[in-house]
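Everything on this sheet refers to the single structure shown next.
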Amino acid sequence: MKNREIARLLHEISVLLEVEGKNKFKPRAFARAARSVEALGEDIEAVAARDALTEIPGVGKSIAEQIQEYLATGKMSTLEKLRQRIPVKVEELEAIPGVGPKTIKLLYESLKITDLESLERAINEGHLKGLRGIGPKTITQIAEGIALVRGVMSRTLLSEALPIADAIVEHLKSSAPVTRIDVAGSLRRRKESVGDIDILVLSERPTDVTDAFVSYPDVSDVLLRGDTKTSIRLTNGLQVDLRLLPIESYGAGLQYFTGSKDHNVHLRTIAQRAGMKLNEYGLFKGEELVAGAEESEIYQSLGLQFIPPELREDQGEIEAAKVGRLPSLVELDDIRGDLHMHTDYSDGVNTLEEMVEAAEALGHEYICIADHTKSLTVAKGMDEEQILRRIDEIDDLNSSGRWHVRVLKGAEVDILPDGTLDLEDDVLYQLDVVTVSVHSKMQMGRATMTERIIRAIEHKHVHILGHPTGRKLFKRPAYDVDIEAIFEAARGSGVAMELNAYPERLDLGAGHLRLAKRMGIRIAINTDAHRTSELHNMRFGVFQARRGWLEADDIINTRSLDELFRFLKK
DNA sequence: GCCGTTTTCGGCCCGACTGTTTTCAGTCG
């Protein structure tokens, strides 16, 4: 998907326009479009193909043309021209905390600074001294910021950030009087990765909370400290913001700091049109506070259904809330089983019995053991003989009466490069659940890869396509594949798409899930656990499902075992 | 450049914090 790179380029245009300083609002328009493309999820090439780019919020005729030009030629002429006029490495300089377009403009125009290197040189040679608006503190801040940028600051996986946030919340609760405390920001929206952590607190003794916050054991730096806002950096580089809120504004603050930015801007315009004003202190009619203490009151007072945080991306949720059409999102409690996990028969760590015991402790009604097949030698894939032996073991285990959880017989069958399956049909037919996945030759071209996967899912005994795009966050892009064509084929043959809950996969993404839902495709949320502890990752799958607007009905492992078997019979 | 229950022009979210300022600009979220 080219969404992220297009978002980056649009953002660069926005900054360069601001550096140029001609029109105040044009940069904002590009910035908005950039965020919107990034939040899109659906492959932007697919959107372009059906001529629907201007349906993306913030994308009009002109920006749509830029995107189309880029998809056709790999270039955006607006950006090329801007770069010629202002040859500044925006992305590098902007990453320095405290440096924005105005500073970039100043540095470029007065000192011809274009990148980290020339900036560092200028600092060392003392050239920044005496620049208007740049004092000694700013120079120090920039110097430290350069080191920080070089230290590869990036986003943190949700699965890493969530426990850190929980630990800080526990620390604050145990060391200061706290009436209410919430984690807000993209973490509350359950984005697959987050840039920082936002914690909101209501307390009768706010100074004590701030003291406790800055003395959290893992703090490396206190970035700023004020009466209502304090920021720290942890030793791992992650930034955490603490906001102290007054009781009458707590809900408004929670709403505001949960975001997303575009969701909030949209809400504010709705408030404006209704003759009101919305900010982090509340919803106001003139001086009068209409709503503020509870988040739900804000939405109610604007004539909207309550919008779950996972949907707050300004991707149609506000329009849906206006007419009472928000989905009733799936919850972790709706999940009755897990259809994809490994044991020590292939590359898992734990034994069959250990996995069953752990699944039973989680309250699952059924699980499916889906070890790899023989061509995946690095994962000790099983051949037909081993699978048959495994089938007998599971039959024995189910009839032993030792467990309540029903164990289904399955395999994660490799899709070979030509689209055939890595297991003989007569063995395949003895399995309850057949998941097929690509694990090799991931670089093949779009058309070939699409055909390969379609051929596999059209096999009449296949039930689920595992990790459909193959992406790994921060590590590996998705296979180049026509996902819509695959969904089409899946609908035709009654195959479900997996939502792989592994925190660095979360494959499918939110946009693809929405597309699948619109097309009537069923989803299986599976952990792909390789050890007992990973069975807990189901929650990350559910978070992602919610971001994809999924309801319990869209998901096959929310069903009773009988209903599940009906689906599996096709 | 985008957008529309104020619709094809004329607006465009809003406040905290910091540093460098004698009253405010820039950044951030």
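Every chain is numbered from 1 and lettered A, B, ... according to where its sequence line falls, protein lines coming before strand lines.
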Taking dG1(B), dT20(B), dG29(B) as options, the one with an atom nearest any side-chain atom of Pro136(A) is dT20(B)
inquiry  = So, does Thr103(A) get its side chain near the phosphate of dG26(B), meaning an N or O under 4.0 Å from OP1 or OP2?
reply    = no
Query raised in the report: Hey, does Leu17(A) reach any base, or is it just sugar-phosphate, or nothing, if we go heavy atoms under 4.0 Å?
Result: nothing
Assert: residue with more 5' nearest nucleotide on DNA chain B, out of Lys61(A) and Thr228(A), is Lys61(A)
Which is true for Lys102(A) with a 4.0 Å heavy-atom rule: it touches a base, it touches only sugar-phosphate, or it touches nothing? sugar-phosphate
Between the CD atom in Gln255(A) and the CG atom in Leu302(A), the distance rounded to the nearest 0.5 Å is 8.5 Å
Result for side-chain contact (heavy atoms from CB on, under 4.5 Å) between Leu283(A) and one of Arg268(A), Glu288(A), Met276(A) points to Met276(A)
Rounded to whole Å, the NZ-P distance (Lys24(A) to dA25(B)) equals 11 Å
Atom CD1 of Ile96(A) and atom C1' of dC28(B) are separated, to the nearest Å, by 15 Å
Using a cut-off of strictly less than 4.0 Å, decide whether Thr138(A) has a side-chain nitrogen or oxygen near OP1 or OP2 of dT20(B).
-> yes
Rounded to whole Å, the CZ-C1' distance (Arg35(A) to dG29(B)) equals 10 Å
In 5'-to-3' order, the base (B), backbone-only (S) or no-contact (-) status of each nucleotide in nucleotides 4-15 of chain B, using a 4.0 angstrom heavy-atom cut-off, is --B-----BBBS
The Watson-Crick or G-U wobble partner of dC12(B), with both key distances under 3.5 Å, is dG1(B)
In whole angstroms, the gap separating P of dG1(B) from CG of Leu79(A) amounts to 14 Å
Between CG of Leu242(A) and P of dC28(B) the distance, given in whole Å, is 20 Å
Rounded to whole Å, CD of Glu55(A) lies from C1' of dC2(B) at a distance of 15 Å
Checklist entry - Should the pair Lys26(A) and Phe30(A) be classed as cation-pi, given the thresholds of under 6.0 Å to the six-membered ring centre and 45° from the axis? => result no
Lys229(A) atom NZ is separated from dT27(B) atom P, nearest whole Å, by 15 Å
For a quick check of understanding: with a heavy-atom distance under 4.0 Å over all strands, which category does Pro27(A) fall into, base, sugar-phosphate or nothing?
nothing
Exercise. Count the heavy atoms of every other residue, nucleotide or ligand shown that sit under 6.0 Å from CG of Asn124(A), and state whether that count exceeds 12.
Key: yes
Rounded to whole Å, CD of Glu65(A) lies from P of dG1(B) at a distance of 10 Å
For Arg225(A), which contact category applies under a 4.0 Å heavy-atom criterion: base, sugar-phosphate, or nothing? sugar-phosphate
